[in-house]
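Data first, discussion second: the structure below is written as C-alpha cells.
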Amino acid sequence: MTSVLQALDIAVQAAFVALALFTLTDWVRHRDRQRLWLVVALVSLSALVVLTPAAALVGLPVQLVTDLALVLFVLSGYALLMFRNSLIPLGRRLAAAITVWTVLVAIIGVAAGLSSNPQAQQSPFQLAAVGLIVITWVLCVIEPIFRLGLASIGRPSVEGSRLRSLSLGYAGLVVVIVASTVAGPALRSPTAAVVVDLIVLAIVPLMYASFAPPLWLRQLWSRPEEEELRSALHELLLYSADRATLASRALAGGARMVGAPAGFIQDSDGSMLAAHGLTQKEAAALAAQPGTSRSMLRIPLDLTQGQGMMTILAGPFTPLFGQWEISRLRGFAVSITAGLDRVLLTGRIVALEKAKTDFLDFASHELRGPITVIKGYLTMIAAGSLGDVPPKAASVVPLLVAKADEVNSMLEQMIETSRLEEGRLALRKERSDVASLTEDAIQNIGPLVSDHEVNIDRPPEPLWADVDPDRLQIVVRNLVSNAVKYSAAGAPIAVTVARRDHHAFVAVTDTGIGINKDDQRSLFTRFGRIQSAATAHTSGAGLGLWLSREIARMHDGDLTVESEPGKGSTFTLEIPLNSD
Ligand code: ADP
C-alpha cells in the first residue's frame, strides 16, 4: 500500500509539473499578459507540490522550506486572482489594495515562523497567521469561481463556455488543494490518501483543458453557433437588403462562432462596410495598423471588385485563435464574399431594370403624341376629308393605318408594362359583358385583321364579369393581333367566347406557325420572343403575352396556350364570372 501511495504521490507531483510546463510553453508561444498570471499561479503551485521532496534531497533548512512554501502558496492565490482581474477587471484601487494585503499576509506568515509539523504546538500569533493565509487564498480562488460563472450567463456560446470552463478550472484547483493539503493528512488512512490522489490526478488534465482549451473542446463549444449560422446563412446571403446589412450580420455570426467580441469588414476600396463590438472610428484606426497581431485575425475576401478584408478581434473571453478557427473563418469568408457580390449584382440588375422601365415609360409617352397625329391624318386621308388622293397612294393608306395601329398597340403595351413594373397598374373594374368586350376589341383593330377571316363564336346571352374593360380589351387585341402576325395572310382565325362553370373563356385559335413545347415556357416572360426563321421578320417587343397573363391574373384568371408547330396555336383567356 505504501509503495502504491508513494507512486501516486510521485504521479501527482509529475502531473502538476506537467500542467505548469504545458501552460508555460503555451505562454511562450502566445505571450499574452493574461496568461502570464496563470503561468505564475500554476508554476508556483507545482513548485509547492515538489518543494518538500526536492528540499529533502538538497537538504534545505526546514524553516526556510516552510517559509518558501508559504510564499508560494500565497503567490499562487494572488496570481489566480490577477488572472481573473485580467479577464474581468477588479478596478485599479481594489487590485492595488489586494496586492498590498497579500504582501502583508506573506510577511506576517514568514514573521510568525510557522512550523511544518501539523502536530506542533502553535502560538496564538501563529494560529492567526495561518488563518489569515488560508482565508486570503480561499477568497482569492473562490471569488473568481462565482464571478466567472456569473459572467458566463447570457453570453454567446463560445464565450460563455470559456467562462464556465475557467470557473470550473478554479473550482478544480480548490478541490485539488483542499484534497491534497487538508483532507489527505487529516484522514490519515492510506485508502483515503489513495482516493484523494486519484481524484487529484483526474482533475489536473481537466484543469489544463479549462485554462487552455484544446481543439476538440473549442469545436464542441462553437458547434451550437455553427449550427445556428448554417441555418441562418441561406437567408443571410440571399435576402440581406444591402451589403452593409449583410456584412454586419455575417460579421456578428463569424465573431460568435470563434468566441470573439468584435471585428470589422472592409470593402475592396478600404471603406468600412461593417463594425461589430467597436465603433467605425476604432475599426478604421485598427485597420490602418500594419501587419497582424495574435489577438487579431485578418481573413481576405476575394470580391469581384478587388480584395476586401474581414478582421476578427480577440477579447478577454476568446478561447484561442488556432488553425481551426482560421480555417472555419476562411470557409465562412467564401460565403460572405459570394453574398456581398450577389447584393452588388442584384443592385446593378435592379438599377438596370429601373432604367429600362424608365426608358419604356419615357419613349412610349413621347412617341404616343406623334403617332396619334399620324394616325389622325391617315384616317382623314382614307375618309377623303383632305381631298382626292391619287389611286396609287390611296391603295397604301389602309396599310399605313394598320401599321399606325400596330405601333399604337406596341406603345400601349410599353406604357402598361412600365405601369405594372412600378406598381401603378390599378384596375378599374366594372360589371361588363366579356363577349361584347371581345367583339368590340376585335372591331377596334379592324384594319389590322383585314387580311384574315376572323370568326367570332359567342353565346347569345351576355357573360357578366367584374373586369377592367380597357385592360381586358388589351388582352384580346394582343391575342388576335398575334394570331394575325404569326399565321399566313388569309388564314382563318377563330375566336370562341364560352362559359364553363363560373368562368368565361375567350379562346383565340390560328392555323399559323405554332410554338414548340420548349419555347412555350418562355412565351409569357418579359421581352420573351422566340427566335426562329419564321418569326425573324415580325415586329414586336415580346411584352404582349407577359402583360396579358399579368392582367388575366390580376383578374384572378389566367392565360394559357396549346400549340403544335406547323399546325397553329390556341391561346385561352379565363376570367371568373360575376357571382350575382
Ligand atoms: P411580340 O410582340 O413579340 O409578339 P408577345 O409577348 O405577344 O410578343 O409574344 C411573344 C412571342 O410568342 C412572339 O415573339 C412569338 O414568337 C410567340 N407567339 C405569340 N403568339 C403566337 C402565335 N399565335 N403563334 C405563334 N407564335 C406566337
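Remember, it's 1-based here, ligands and their atoms both numbered in the order they're listed.
Close approach of ligand 1 to Lys485 (heavy-atom distance below 4.0 Å) involves ligand atoms 1 (P), 2 (O), 4 (O). Within the listing of ligand 1, atoms 20 (N), 21 (C), 22 (C), 23 (N) sit less than 4.0 angstrom from a heavy atom of Phe571. Listed by number with element, the atoms of ligand 1 under 4.0 Å from a non-hydrogen atom of Asn478 are 7 (O). Close approach of ligand 1 to Ser569 is summarised as follows: ligand atoms under 4.0 Å from at least one heavy atom of the residue are 24 (N).
Side-chain atoms of Ser271 and Asp269 form a donor-acceptor pair, as typed in the model, at a separation below 3.5 Å. With hydrogens and angles left out, the side-chain atoms of Thr509 and Thr570 include a donor and acceptor closer than 3.5 Å. Checked by atom type, the side-chain pair Asn478/Ser548 shows a donor-acceptor distance below 3.5 Å. Using a 3.5 Å distance cut-off with no hydrogens or angles, the side chains of Asp510 and Ser487 do not pair a donor with an acceptor. Residues Thr337 and Asp302 bring no donor and acceptor atom of their side chains to less than 3.5 Å of each other. Using modelled atom types and a 3.5 Å distance limit, the side chains of Arg249 and Ser240 yield a donor-acceptor pair.
Distance from atom 24 (N) of ligand 1 to its nearest protein heavy atom, with residue and atom name: Tyr486 CB, 3.4 Å. The single protein non-hydrogen atom nearest to atom 26 (N) of ligand 1 is Ile515 CG1, 3.4 Å, given as residue, atom name and distance. Looking only at protein heavy atoms, the nearest one to atom 7 (O) of ligand 1 is Asn482 ND2, 2.8 Å. Looking at atom 3 (O) of ligand 1, its nearest protein heavy atom turns out to be Arg529 NE, 2.5 Å. Among all non-hydrogen protein atoms, the one lying nearest atom 12 (O) of ligand 1 is Leu523 CD2, 3.0 Å. Nearest non-hydrogen protein atom to atom 8 (O) of ligand 1 is Gly542 CA, 3.2 Å.
With Phe505 as the aromatic partner, Arg500 meets the cation-pi criteria of under 6.0 angstrom to the ring centre and within 45 degrees of the ring axis.
Ligand 1 has no N or O atom lying under 3.5 Å from any N or O atom of Gly528, backbone or side chain. Taking only nitrogen or oxygen atoms, main chain and side chain alike, Asp510 reaches within less than 3.5 Å of ligand 1. At under 3.5 Å, a nitrogen or oxygen of Leu545, whether backbone or side chain, sits near a nitrogen or oxygen of ligand 1.
Once rounded to the nearest 0.5 Å, the distance linking CG of Leu463 with OG of Ser432 reads 11.5 Å. Here the straight-line distance linking atom CE of Met554 with atom CG of Leu547 works out to 9.5 Å at 0.5 Å rounding.
For Ala404 against Ile371, the heavy-atom pair with the smallest separation is O-CG1, 4.0 Å.
For the residues Val480, Ile530, Val561, the heavy atom positioned nearest atom 16 (O) of ligand 1 is part of Ile530.
Under 4.0 angstrom from ligand 1, the non-hydrogen atoms of Leu543 all belong to its backbone.
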